[in-house]
Amino acid sequence: MKSRPKKTKYSKSFKGRSINRIISNINYDRFNNGTVALKTLMHCRLTAKQIEILYITLNKFLKRSGSINITLFPHTPVSKKPNEIRMGKGKGAVDHWVCRILPGTIICEIETNSLKKVLKAIAYTKFRLPIKVRTIIL
C-alpha cells in the first residue's frame, strides 16, 4: 500500500488550524461500493501507518472473501526535528504523512457476502484505531 504521495508542490506544509475546532454539519453517509462501512465519530489525524494497519487487519480476517476500499489517503506531511538539537536552524525534515479526518467521514467500505466475518474483522480493527468508529450496514 502506498503510504505517501508521489509528488507534491511543496515538500513541507504549515500545521494549519486545529482539527478539534473545525465544525462540520455535513453528513458523509454516502456509500460508493460496499455493504459495510466504518464511520468516524470524532476529529483526528490518522497516520499512514495506522491506515496500513487497518487494511492489513481487515485482509487478515476476510482472506479474499470480500473487497476492501479504503477512502482515505495521507496527503499532509508532518515535520519533526531530531532529538537533542538546539533551537533555530530552520524547519525539520518530513517525519511522516497524515490524513485529516472530520466526524462522519467514512474510512473504508467492505463488499462481501459473509456479514459475520466482516463484523468480526471490524471488531478487531476498532482496537487498532485511535478514534471512535461506528459500523454502518447497508
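- By the 6.0 Å contact criterion, NZ on K60 is open, its count of non-hydrogen atoms from other residues, nucleotides or ligands being 12 or less.
- R100 CZ to T105 OG1: the interatomic distance, rounded to the nearest 0.5 Å, is 13.0 Å.
- Going from atom CG of L58 over to atom CD1 of I110 covers 4.5 Å, rounded to the nearest 0.5 Å.
- With rounding to the nearest 0.5 angstrom, the CD1 atom of I68 is 12.0 Å from the CD atom of E111.
- P77 has its side chain out of reach of T8: every pair of non-hydrogen atoms, C-beta onward, lies at least 4.5 Å apart.
- When the side chain to side chain contact (heavy atoms under 4.5 Å, CB included) test is applied to S114, the partners found at least two apart in sequence or on another chain are S65, T112, K117.
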Evaluate the side chain to side chain contact (heavy atoms under 4.5 Å, CB included) criterion for residues L62 and V118: first the C-alpha distance (whole Å), next the side-chain angles of each, then the deciding distance (0.1 Å), finally the verdict.
-> CA-CA 7 Å; L62 291 180; V118 173; 3.9 Å; yes

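- Side chain of K81 to main chain of G88: a donor-acceptor pair is present (N/O by atom type, distance under 3.5 Å, no hydrogens or angles).
- Within the 4.5 Å cutoff, the side chain of Y55 has heavy atoms near those of the N59 side chain.
- Evaluation of the side chain to side chain contact (heavy atoms under 4.5 Å, CB included) rule for D95 yields K80 as partners, not counting sequence neighbours.
- Two different hydrophobic clusters hold V78 and V94 under the rule that ILVMFWY side chains link at heavy-atom gaps under 4.5 Å.
- Nearest heavy atom pair, residue K91 against residue K12, reads O-NZ, 3.4 Å.
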Test side chain to side chain contact (heavy atoms under 4.5 Å, CB included) on L46 and L129 and set out the steps.
-> CA-CA 8 Å; L46 278 182; L129 293 173; 4.3 Å; yes

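- Rounded to the nearest 0.5 angstrom, I56 CD1 and T125 OG1 are separated by 13.0 Å.
- Of the inter-residue distances, the one linking I137 atom CD1 with L119 atom CG reads 5.0 Å to the nearest 0.5 angstrom.
- With side-chain heavy atoms closer than 4.5 Å counting as contact, directly or through intermediates, I53 stands alone and belongs to no larger hydrophobic cluster.
- Taking NE2 of H75 as the reference point, atom OG of S13 lies at 12.5 Å (rounded to 0.5 Å).
- The hydrophobic clustering, which links ILVMFWY residues whose side-chain heavy atoms are closer than 4.5 Å, places I51 and I101 together.
- Residues P5 and W97 are in side-chain contact: their nearest non-hydrogen atoms beyond the backbone lie under 4.5 Å apart.
- In this structure, the side chain of T40 engages the main chain of L102 through a donor-acceptor pair within 3.5 Å.
- Applying the ring pair (Phe, Tyr, Trp, His ring centres under 6.0 Å) test to residues at least two apart or on different chains, the pairs with a partner in residues 98-136 are F61-Y124.
- For R134, the side chain to side chain contact (heavy atoms under 4.5 Å, CB included) partners two or more places apart in sequence, or in a different chain, are L41.
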Worked verdict on I107 versus I131 for side chain to side chain contact (heavy atoms under 4.5 Å, CB included) | CA-CA 11 Å; I107 295 178; I131 54 174; 4.2 Å; yes

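- Within a 6.0 Å sphere centred on NZ of K49, heavy atoms belonging to other residues, nucleotides or ligands number 12 at most.
- The two residues P130 and Q50 make their nearest non-hydrogen contact at CG-NE2, 3.7 Å.
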Go through the steps to decide whether R45 and T76 satisfy the test side chain to side chain contact (heavy atoms under 4.5 Å, CB included), and finish with yes or no.
-> CA-CA 9 Å; R45 281 176 21 172; T76 312; over 6 Å; no

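- For K126, the side chain to side chain contact (heavy atoms under 4.5 Å, CB included) partners at least two apart in sequence or on another chain are I122, T135.
- V36 and L54 end up in the same hydrophobic cluster when Ile, Leu, Val, Met, Phe, Trp and Tyr side chains are linked at under 4.5 Å.
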